[in-house]
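Notes for the one structure printed next.
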Amino acid sequence: MQSFHKVTSIVTPLDKVNVDTDQIIPKQFLKLVQKSGFGKFLFFNWRYDENENKKSEFILNDSKYDDSHILVTGDNFGCGSSREHAVWALLDYGFSVIIAPSFADIFFSNCFKNGILPISLDQKMVEKLQQESDPVEIDLEKQTVKTSSEEIFFEIDPYQKKILLEGLDDIAQTFQYEDKISEFEQRSKIPSVL
Amino acid sequence: MNIVEKILARASGKSSVSPDDVIFANVDKVMIHDVSGPGVIKVFDKLKKQGISVDKLWDPTKVWVAEDHFVPSAEKVSAENIVKLSNFTKQYGIEKHFKYGMGQYGICHTLSHEEAMVMPGDVYVGGDSHTNTTGALGAFACGLGHTDVAYVLLNGKIWFKIPETMYFKINGKLPDHVMAKDLILKIIGDIGTDGGAYRTMQFGGSGIDEMSVESRLTMCNMTTEAGAKNGIVESDQKVVDYLTSRGATNVNLVKGDDDAEYSQIFEYEASEMEPIIAKPFSPENICIVREAPNVELDKSYIGSCTGAKYEDLEAVARILKGRTVKIRTEILPAAISIYKRAMENGLLKIFLDAGVTVGPPTCGACCGAHMGVLAKDEICISTTNRNFPGRMGHVESQTYLASPQVAAASAVTGKITDPRDLI
């Protein structure tokens with residue numbers, strides 16, 4: 001997993017609430033288990049028409065946003081199916097930060113396993129950011145979102161911050177302590193089943 | 001402590017826990033299927049590249065595998081995933097692999113109860129969002145992403161933040177022709193698709209005591225659609241009998257303490273409930289069936305972990321007996337064991353006489369995979385759990401979520417129909 005420190009880019013405003021993982025990556029792509037390349041299927045039904053031509057009205061098809069790494073969207077982003085492909089698709093497409101008033105639980109958790117920083121900000125702030133046309137700087141170390149006019153602090157769990165900064169997912173993180181874990185297992189009194 | 005707190009305290013070796021505590025819990029059972037399995041294999045490959053050993057699972061006897069989303073394979077990619085999954089279970093010595101074409105198999109969440117894979121008090125995680133279903137047995141059951149499942153497979157543990165619990169007290173008894181699906185759609189309509197976000201939805205009260213185990217499974221299954229971490233019902237003698245009749249031994253009841261605390265309490269009078277549907281394109285977009293839009297349906301789909309358990313099929317048979325369907329109707333029993341009982345008890349004959357196509361157990365068109373997916377502009381009434389755009393096929397198709405009885409009554413008339421108006 002790539003470590004995450006700082007990102008500066010313009011934001012892509014996606015003004016929708018309850019964006020579910022079926023919309024982020026439709027089911028027909030779940031069968032694919034190649035290492036990468038899910039980005040081209042991101043928001044597939046919104047990006048392409050039946051003949052797989054780009055729909056000009058969808059924001060991701062506006063070349064202005066081609067280099068954007070920050071998606072700013074509505075409440076309950078990532079609801080529905082637990083498919084981790086949704087996070088893989090966003091990351092592969094180029095998004096490393098997602099800002100929304102709230103996130104669905106499994107999706108939120110999946111972000112940290114793959115190096116995406118999900119940031120919850122209040123509704124007003126999110127709406128303001130969606131209007132921002134200048135580049136925005138996200139600094140994970142300082143926990144700030146900096147626009148041309150202000151700097152906003154965001155909350156993040158210290159452990160989740162650490163794994164993003166170090167680029168270690170939970171598994172890699174745990175295996176750093178393999179010796180200690182084995183030692184603990186030997187002594188542990190916690191029964192696995194009661 | 002309430003039941004969830006008690007289960008998670010036990011699993012983390014603590015004497016007590018409260019909401020927002022972060023704990024590291026021992027997992028009792030973990031499930032993967034033909035979508036999350038290949039996803040986990042991908043994570044394993046990545047770990048191997050980083051030099052992390054993935055030679056052994058924490059405990060292969062606690063892992064079980066379902067083939068459900070894309071089986072029987074319709075094309076070669078799905079077929080290859082099944083081969084991959086089979087190689088995986090062989091390599092790691094996982095014996096509980098329910099393979100299609102080899103006796104019992106079916107939708108993972110259905111197998112969790114049909115095969116008594118999960119016991120009251122267990123911490124059970126699965127690589128699928130509807131893992132919540134199995135909380136109806138009195139277990140802490142929740143879905144995880146692929147990386148988290150891979151972590152559990154290797155370590156047997158996972159961290160949780162103790163969720164707050166929303167308690168839904170259901171009083172009385174549901175009227176005839178009103179099912180658990182109607183009640184849970186009503187609740188989702190009231191609290192919204194994020195109304196349960198990172199919280200437990202616990203169901204209790206005389207209305208739940210009255211309910212069969214399978215109806216409770218429907219309730220917990222749909223907590224996912226409210227964004228809940230998990231759904232749960234305290235186990236009772238019905239659960240013990242249910243699991244014992246499916247081969248389980250030593251089933252223990254697990255209940256919360258008398259002074260258990262809940263973050264919110266909601267009350268519903270079951271006797272006042274009516275058949276309900278969720279209109280496109282969200283499970284929270286509900287209306288009473290008698291006030292439903294007057295649309296010409298193209299299809300009725302009776303399937304999935306939500307709406308194709310034995311009790312669901314029985315309810316459908318009561319409606320379809322002696323009648324014929326007016327629109328394309330499919331019934332896909334959720335597991336072979338259910339299929340077999342439906343055959344033994346004459347349900348299949350009723351379905352076939354009514355003109356229905358009966359398919360094999362599979363998630364099928366519920367997730368838009370295969371077995372009757374929808375074309376552009378097609379309108380379907382379905383016993384499944386989600387109706388997001390494109391969920392069951394073309395992005396411009398429409399799905400109305402309904403109870404098995406409403407889906408059957410609507411199959412007979414071709415319009416969205418309250419079963420009480422049919423009889």
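None of the values given here were measured: they were computed from a predicted structure. Side-chain atoms are counted along with the backbone in the values below, which use heavy atoms only and exclude waters and symmetry mates. Convention: sequence-line order gives letters A, B, ...; per-chain numbering from 1.
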Original post:
Can you tell me how far the OH atom of B:Tyr198 sits from the CD1 atom of A:Ile106, to the nearest 0.5 Å?
Top reply: 10.0 Å

Original post:
Can you tell me if CD on A:Glu57 sees more than 12 non-hydrogen neighbours from other groups inside 6.0 Å?
Top reply: yes

**OP:** Test A:Ser81 against B:His130 for side chain to side chain contact (heavy atoms under 4.5 Å, CB included), laying out the working first.
**Re:** CA-CA 8 Å; A:Ser81 153; B:His130 289 107; over 6 Å; no

**OP:** For A:Asp15, look at atom CG and say whether over 12 heavy atoms of other residues, nucleotides or ligands are found less than 6.0 Å away.
**Re:** no

Subject >> Contact origin within A:Gln28 toward chain B - heavy atom pairs under 4.5 Å >> reply: neither

Original post:
Rounded to the nearest 0.5 Å, what separation is found between the CZ atom of B:Arg386 and the OG1 atom of A:Thr21?
Top reply: 6.0 Å

**OP:** Can you measure from CG (B:Asp148) to OG (A:Ser109) and round to the nearest 0.5 angstrom?
**Re:** 4.5 Å

Original post:
Is it true that atom CG of A:Asp134 has more than 12 heavy atoms of other residues, nucleotides or ligands lying nearer than 6.0 Å?
Top reply: yes

**OP:** For chain A, find which of B:Glu225, B:Gln50, B:Lys229 contributes the most heavy-atom pairs closer than 4.5 angstrom.
**Re:** B:Lys229

**OP:** Pick one of side chain, backbone, both or neither for B:Ser36, based on which atoms fall under 4.5 Å of a heavy atom in chain A.
**Re:** neither

Subject >> Under 4.5 Å from a heavy atom of chain A, the part of B:Leu154 involved >> reply: side chain

Subject >> Under 4.5 Å from a heavy atom of chain A, the part of B:Val43 involved >> reply: side chain

Original post:
Of the backbone (N, CA, C, O) and the side chain (C-beta and beyond), which part of B:Ala150 lies under 4.5 Å from a heavy atom of chain A, both, or neither?
Top reply: both

Original post:
Parallel, tilted or perpendicular: which fits the ring planes of B:Trp159 and A:Tyr159, with parallel below 30° and perpendicular above 60°?
Top reply: perpendicular

Subject >> Pick from A:Asp75, A:Asp105, A:Asn45, A:Val87 with the largest number of heavy-atom pairs that fall under 4.5 Å of chain B >> reply: A:Asp105

Original post:
In Å, rounded to the nearest 0.5 Å, how long is the span from CH2 of A:Trp88 to OG1 of B:Thr147?
Top reply: 6.5 Å

**OP:** In plain terms, say whether B:Glu80 and A:Lys31 are close enough for a salt bridge, that is, a side-chain N and a carboxylate O under 4.0 Å apart.
**Re:** no

Subject >> Top contributor to chain A interface from B:Thr224, B:Thr193, B:Thr131 [non-hydrogen pairs under 4.5 Å] >> reply: B:Thr193

Subject >> Flag if over 12 foreign heavy atoms under 6.0 Å of NZ, A:Lys161 >> reply: yes

Subject >> Best-contacting candidate, B:Cys367, B:Ala197, B:Gly227, against chain A by heavy atom pairs under 4.5 angstrom >> reply: B:Cys367

Original post:
In Å, rounded to the nearest 0.5 Å, how long is the span from NZ of B:Lys161 to CG of A:Asp157?
Top reply: 8.5 Å

Subject >> Nearest heavy atoms of B:Gly145 and A:Asn110, plus distance in Å >> reply: CA-OD1, 3.1 Å

**OP:** With side chain to side chain contact (heavy atoms under 4.5 Å, CB included) as the test, would you mind laying out the steps for B:His394 and A:Glu50 before giving the verdict?
**Re:** CA-CA 9 Å; B:His394 195 282; A:Glu50 284 161 46; 3.7 Å; yes

Subject >> B:Arg391 side, atom CZ; A:Asp20 side, atom CG - distance, nearest 0.5 Å >> reply: 8.5 Å

Original post:
Are the side chains of B:His146 and A:His85 in touch, meaning some heavy atoms are under 4.5 Å apart?
Top reply: yes

**OP:** Side chain from CB out, backbone as N, CA, C, O: work out which of these in B:Phe70 comes under 4.5 Å of a heavy atom of chain A, or both, or neither.
**Re:** side chain

**OP:** Check whether any side-chain N or O of A:Lys27 sits under 3.5 Å from a backbone N or O of B:Gly390 as a donor-acceptor pair, and report yes or no.
**Re:** yes

